[in-house]
Amino acid sequence: MSPLAHIAALPVRAYRLIFSPWVGFNCRYQPTCSAYALEALEKHGAFKGSWLALRRIGRCHPLGRSGYDPVPDPQDPAKD
């Protein structure tokens, strides 16, 4: 993970440490949004990983879907 991605992961890690135990485990998706965010930052870097995490959080609402929603794999430039 790049240094910038580590910095972007700090709020997610703080949420998991401080607020997640109070909120409970009522996640609509698997993996949870915080786990998704950390994996997206690791796979895609700070900018695209943050965008993917924000999109995922935006989909998490009572009228949204639920279930298994994995982080997409990075595109291989040689395949394009």
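Throughout, numbering of the chain's residues begins at 1 and tracks the sequence. Worth knowing before you read on, the calculation uses all heavy atoms, side chains too, and leaves out hydrogens, waters and symmetry mates. Note that the structure is a prediction, hence the values are computed from the model and not measured.
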Q. How would you list, by chain and number, every residue that makes a side chain to side chain donor-acceptor pair (under 3.5 Å) with Glu39, sequence neighbours excluded?
A. Lys43
Q. Which residues satisfy the salt bridge (Lys or Arg N to Asp or Glu O under 4.0 Å) test with Arg28, sequence neighbours excluded?
A. none
Q: Determine the minimum heavy-atom distance between Pro72 and Tyr36, stating which atoms define it.
A: CD-OH, 3.7 Å
(Q) A side-chain contact here means heavy atoms from C-beta on lying under 4.5 Å apart; do Arg56 and Val71 qualify? (A) no
Side chains of residues 5-17: which donor-acceptor pairs under 3.5 Å do they make with residues two or more places apart or in other chains?
residue : atom : partner : partner atom : Å
Arg16   : NE   : Ser34   : OG           : 3.1

Q) Do any pairs count as a side chain to side chain donor-acceptor pair (under 3.5 Å) and have a residue in residues 58-72, sequence neighbours left out, and if so which ones? A) Arg59-Asp69
Q.
Going by the rule side chain to side chain contact (heavy atoms under 4.5 Å, CB included), which residues pair with Ala53 if we only count those two or more places apart in sequence or in a different chain?
A. Ala37
Could you give the side-chain donor-acceptor pairs of residues 45-52 under 3.5 Å, partners two or more places apart or in another chain?
residue : atom : partner : partner atom : Å
Ser50   : OG   : Ala46   : O            : 2.5

